[in-house]
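Heads up: the structure comes next, in structure tokens.
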Amino acid sequence: MNRSKIEWCDHTWNPITGCRHNCSYCYARKMTSRFAGNIRLNKMAKKDYSMISAADGSENIYVLDAPMLNETDKPLIYPFGFSPTLHRYRMNIPEKLKMGNNVFVGAMADIFGSWIPDSWLDEIFMACKKYPIHNYLFLTKNARRYEEYSVPTGMKNMWYGTSITKESEMDRFKFLPVGCKTFISIEPILEDIHPEKHIEIQLVDWIIIGAETGRNKDKVVPEADWIKKIVVEAEHLGIPVFMKESLVPVVGEQNMKRDFPKQLQHLEISPKMKKKLFDICSGCKVCLKKSDMITLLARSKRGEQPKQFGFMCKDCFKKFCKELNLNIPELAKITERIAINSNNDD
């Protein structure tokens with residue numbers, strides 16, 4: 001799991017890498033070539049991986065149950081370059097995040113590509129369901145596959161998106177699953193598109209817009225009117241819009257919109273982290289942050305280390321002190337830990 005440089009998510013998770021769309025503007029293909037090592041030698045290490053048939057009958061695809069290491073015992077991130085690869089050892093990575101996050105699944109792949117077996121998708125969705133505190137965002141050019149695979153529906157933390165770059169691709173969002181959270185990513189925007197002509201766009205929950213980046217000599221620089229047209233239609237329909245930094249030179253900082261749907265603004269705490277940060281007040285039994293309560297300590301003998309035995313909210317602590325005829329400290333100056341000793345020296 002990587003802290004993401006993609007502006008609209010918190011983390012990227014790549015249980016699958018590689019793609020066969022051959023897009024000329026693809027950033028992922030260029031990146032994998034830098035971190036693949038010697039692909040020819042990697043393929044010779046046949047004991048370290050397996051190969052299975054692609055779902056569409058094309059060239060076989062790769063499976064790694066454990067990281068493949070180079071000659072210095074360092075993991076190879078993309079040992080087969082941009083060839084589709086399942087990294088099964090990454091399936092438990094969402095567990096490592098302490099807080100709920102917006103996780104882009106498959107930033108270095110199209111995990112709904114026609115070559116991906118259903119069994120790979122089964123494993124990914126099983127992992128997503130196992131760690132439900134995160135919002136999972138999926139993005140594909142092959143939106144028909146959502147229905148063909150029968151993605152889980154009715155789950156607020158599953159977001160299904162499709163990529164659109166030009167007007168001829170606008171029909172893709174018509175295949176986004178019904179009854180689910182959906183979005184479209186118009187990135188890179190390569191020509192003037194006409195969202196007002198597509199009534200189904202009112203059904204999407206979020207729109208992301210971005211310009212082509214990189215050093216492609218034929219790189220398309222969008223016009224400000226292209227962006228304005230999308231934003232005006234989205235605002236009319238009440239759809240939040242997120243504009244990537246690549247659009248600042250096009251529209252100016254003052255016209256940038258970086259809106260998130262409400263669901264993606266709410267971050268939950270993992271059960272493990274919740275147990276660490278929260279506890280029950282010994283008085284009123286309300287669950288609160290430990291840092292907002294008084295820690296109760298006790299010791300049975302003089303000189304021994306006091307042991308923690310509970311927590312109290314400040315109101316219950318006041319009441320506790322009154323019942324025992326103890327002086328109530330000013331709460332604004334109260335220390336985080338207050339030891340209540342039994343004064344038993346036996």
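Any value given below was found using the heavy atoms of this structure, including those in side chains, with hydrogens, waters and symmetry copies removed.
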Heavy-atom distance under 4.5 Å between the side chains of [X] and [Y], does that happen here?
X      : Y      : result
Val231 : Asn255 : no
Pro94  : Val103 : no
Ile186 : Ile207 : yes
Met44  : Arg40  : yes
Ile209 : Trp226 : no
Ile124 : Ile16  : yes
Leu296 : Ser282 : yes

Single-linkage hydrophobic cluster, 4.5 Å side-chain cutoff, Phe309 and Ile280 together: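 Unlinked, Phe309 and Ile280 end up in two clusters.
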Return yes if some donor-acceptor pair links the side-chain N/O of [X] with the main-chain N/O of [Y] below 3.5 Å, else return no.
X      : Y      : answer
Asp205 : Thr182 : yes
His198 : Met170 : no
Glu212 : Val220 : yes
Asn102 : Asp10  : no
Arg145 : Ile116 : yes
Trp206 : Asp259 : yes

Is the shortest side-chain N to carboxylate O distance from [X] to [Y] below 4.0 Å?
X      : Y      : value
Glu253 : Arg258 : yes
Asp192 : Lys229 : yes
Lys257 : Glu235 : yes

Begin from the C-alpha positions of Tyr25 and Asp218 and carry the test side-chain hydrogen bond (donor to acceptor under 3.5 Å, both in side chains) through to its verdict. CA-CA 10 Å; Tyr25 49 80; Asp218 299 319; over 6 Å; no
Say you draw a straight line from CG of Leu86 to CD1 of Ile61; how long is it, rounded to the nearest 0.5 Å?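 These two atoms lie 8.5 Å from each other.
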Just by distance, no angles: are the side chains of [X] and [Y] close enough, under 3.5 Å, to form a donor-acceptor pair?
X      : Y      : result
Tyr78  : Asn42  : no
Thr140 : Asn142 : no
His236 : Gln202 : no

Ring centres under 6.0 Å, that's the criterion: do [X] and [Y] meet it?
X      : Y      : result
Tyr136 : Tyr131 : no
Phe260 : Phe242 : yes
Phe80  : Tyr49  : yes

More than 12 foreign heavy atoms under 6.0 Å from NZ of Lys141: is that the case here?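 Result for NZ/Lys141: enclosed.
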How about Glu147: does its CD atom have over 12 heavy atoms from other parts shown lying under 6.0 Å from it?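 Counting neighbours around CD of Glu147, 12 or fewer heavy atoms of other residues, nucleotides or ligands fall under 6.0 Å, so no.
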Indicate the atoms forming the closest heavy-atom contact of Asp48 with Met68, along with that distance.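 The pair with the smallest heavy-atom distance is CB-CE, 3.7 Å.
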Would you name the heavy atoms of Trp13 and Arg90 that are closest together and state the gap between them?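 What the structure gives for the nearest pair is NE1-O, 3.0 Å.
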